[in-house]
Amino acid sequence: MVRTHVAKVLKDAQPGDTVKVGGWVRTRRDSKQGFSFVELNDGSCFSSIQVVVDADTPGYDSIKDVTTGSCVSINGEVKDSPGKGQRVELHATELVLHGTADGDTYPLQKKRHSFEFLREIAHLRPRTNTFGAITRVRNAASAAVHEFFQDRGFYYIQTPVITTSDCEGAGQMFSVTTLNLERIAEVQTKLDYAQDFFGKRAALTVSGQLEAEIFACGTGDCYTFGPTFRAENSNTTRHLAEFWMIEPEMPFYELTDNMDLAEKFVQHVINRVLERCAEDMEFFNLRIDKTVLETLRNITENEFIRLPYTEAVDILQKSGQKFEYPVEWGHDLQSEHERFLTEQHFKQPVILFDYPRTIKPFYMRCNDDGKTVRAMDVLVPRIGEIIGGSQREERLDVLESRMKECGLEPEEYWWYVDLRRYGTVPHSGFGLGFERLIQLMTGMQNIRDCIPFPRVPKSADF
RNA sequence: UCCCCGAUAGCUCAAUUGGUAGAGCGAGCGGCUGUUAACCGCUAGGUUCAUGGUUCGAGUCCAUGUCGGGGAGCCA
């Protein structure tokens, strides 16, 4: 008999149904009247199921070892629960103890643990309320991402994880090599990448954008959703060395179309998660961040503010706020400035656009004013920048001169330049950090708790 | 990488101007109970992050390192 997910039992099962469930014990409470309550969680939903095991039930002889963290499966009959706190409960007809968890050494206790501690036992943290809920939110959000784009006829493009293009200066890259570095270090001072696996220097991707543009300019609307790597020495609650990024790329989209899509996209994913993870979201709102549901409703029910960079500078300069860093046209906005705009001034998501060309990469489309480019950043309360995007420069001559201005050789990006040489098209796209979206939706403070296996400087355990 | 803070029992934290290292929770045992973060009693549990220094004496003061947290920069 195949086990039934606890989620299904709690939702659909009727008194009299016989089912088999399996999972990990959260707590056990014994009654001297000859039976025990076993709180069983299988990760299929936030709630555990209460199992009543009578002393004469086959398997009851092992009840002493049915401790927090142990794994059991139970055959039983669904009954209305006379106690408070659950609609139905399961009365066991057979209990099988698959794996014990010695209470002296099992690290998870029936109490709150700090997230710092749980990070040290990342192999066990999926068994906690919080990480079970995060897992389900991440899953529902992933599905919603694909849903959103598939419904609009976008193609899911798998861009390469290993790349040899020294891409766009989006950050330090992790090298990929098969050279025997320890051996080489003994005999020579320089590496000869011609001898390496790919015959040239290779690295993990920092972005799938340029490759996505290839498909946008060939088969049309597309998106990527995959891991991205940045070897930056960033030690913050919003950065990971390995994170998942969603990057749509669309031909015939101008910057305003790009903004429309970004706004609808964020709202769609949030709405789906609110629908499908209602119980988990209640938990986050109760235990993690008491404002998270309100924040999310604010995002889904209001249009995002659209504000040119130049006007943002004006607002900030006239705000009367004391900022640690001065606001000056031509400089990128600091975190404190972005947070002021989205958290205090507008109190809702803000899309900033038309940034100075000097602070943005080569591929962004130049405006006629000669000073700004068609870039956009989506800022949300608490997290700050969650999306960065732009209309891409589609004019061959402008792109080439911009590349030189940025110190890049157009020849090295010959295939990217070719897209403008042959059948060029106005197009746009953006990148969204998936973990930052998870952070926004769950209210979790630290992005390291929003990915199953976080990689940050000095830490890649598990 | 820079600034600030921290590291003491399995976990979360105390420990007075430097003077015998404690509590709550958890665990084990017992009691009670259709219980549900149960409750009551007892018991066990420590190289105070590492190395060096100051001192009669260091958890406490100093130096360096490691790791962790918060903030900044870089960005998504």
Side-chain angles (χ1 to χ4, degrees), chain A residues 26-40 47-54 64 67-69 79-86 89 91 101-121 128-129 168-172 206-209 227-247 262 287 323-325 331-339 359-361 377-380 383-389 430-440 445-448 450-451 456-459 461:
Chain A
R26 286 295 173 80
T27 64
R28 188 192 85 229
R29 299 177 290 274
D30 296 325
S31 168
K32 271 297 172 298
Q33 298 197 345
F35 59 95
S36 299
F37 297 98
V38 175
E39 208 70 44
L40 196 67
S47 295
S48 302
I49 189 168
Q50 173 162 285
V51 182
V52 181
V53 191
D54 280 319
K64 279 286 170 216
T67 56
T68 300
K79 293 189 176 178
D80 285 322
S81 178
K84 281 184 257 177
Q86 58 275 322
E89 61 189 24
H91 285 244
D102 183 0
D104 279 338
T105 57
Y106 185 63
L108 287 175
Q109 304 166 356
K110 297 187 292 189
K111 55 174 283 195
R112 259 193 67 97
H113 292 288
S114 67
F115 294 128
E116 293 80 21
F117 172 66
L118 291 175
R119 253 170 251 151
E120 293 170 6
I121 51 166
T128 64
N129 283 336
E168 62 173 286
Q172 285 292 109
V206 294
S207 166
Q209 180 197 314
T228 317
F229 309 86
R230 305 267 168 101
E232 297 290 341
N233 192 6
S234 296
N235 294 285
T236 80
T237 53
R238 303 183 304 281
H239 289 84
L240 292 164
E242 176 180 311
F243 65 100
W244 284 63
M245 189 149 65
I246 296 144
E247 297 176 288
R287 292 292 161 88
F323 292 118
E324 193 185 336
Y325 295 90
H331 290 85
D332 215 349
L333 298 183
Q334 306 289 313
S335 287
E336 55 175 344
H337 307 142
E338 297 181 345
R339 294 191 66 155
I359 58 172
K360 289 293 181 184
D377 282 359
V378 179
L379 312 178
V380 293
I383 310 295
E385 183 180 345
I386 198 166
I387 285 178
F430 62 83
L432 176 140
F434 188 56
E435 284 74 22
R436 286 194 182 167
L437 185 59
I438 300 298
Q439 206 180 350
L440 174 70
Q445 288 290 318
N446 198 315
I447 202 167
R448 297 169 191 198
C450 295
I451 188 168
V456 295
K458 299 277 188 281
S459 171
D461 297 328

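Keep in mind the model is a prediction, meaning the values are calculated, not measured. Just so we're on the same page: letters track the sequence lines, and every chain starts at 1.
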### Query
Does any N or O donor sit under 3.5 Å from an N or O acceptor when you compare the side chain of A/Ser234 with the base of B/C75?
no

### Message
Check the orientation of A/Phe37 and A/Phe35. Use parallel for under 30°, tilted for 30 to 60°, and perpendicular for over 60°.
### Response
perpendicular

### Query
Does the side chain of A/Asp30 pick up a donor-acceptor pair with the side chain of A/Ser36 at under 3.5 Å?
yes

### Query
By centroid distance (under 5.5 Å) and plane angle (under 30°), are A/Phe243 and B/A76 in a stacked arrangement?
yes

### Query
Do A/Gln445 side-chain and B/G69 base share a donor-acceptor contact under 3.5 Å?
no

### Query
Is there a donor on the side chain of A/Asn235 or the base of B/U1 sitting less than 3.5 Å from an acceptor on the other?
yes

### Task
Would you tell me whether A/Thr237 and A/Gln445 have side-chain atoms, one donor and one acceptor, within less than 3.5 Å of each other?
no

#### Entry: Distance-only donor-acceptor test, A/Arg29 side-chain atoms vs B/C39 base atoms, 3.5 Å
no

### Task
Answer with yes or no whether A/Gln50 presents, from its side chain, a donor or acceptor under 3.5 Å of a partner atom in the base of B/U35.
yes

### Message
Does a side-chain N or O of A/Ser31 approach OP1 or OP2 of B/U33 to a distance below 4.0 Å, or not?
### Response
no

### Query
Is any side-chain N or O of A/Gln109 closer than 4.0 Å to OP1 or OP2 of B/C25?
no

### Message
Check this for me: does the side-chain of A/His239 come within 3.5 Å of the base of B/C75 through a donor and an acceptor?
### Response
yes

### Query
Side chains of A/Thr27 and A/Arg29: do they bring a donor and an acceptor to under 3.5 Å?
yes

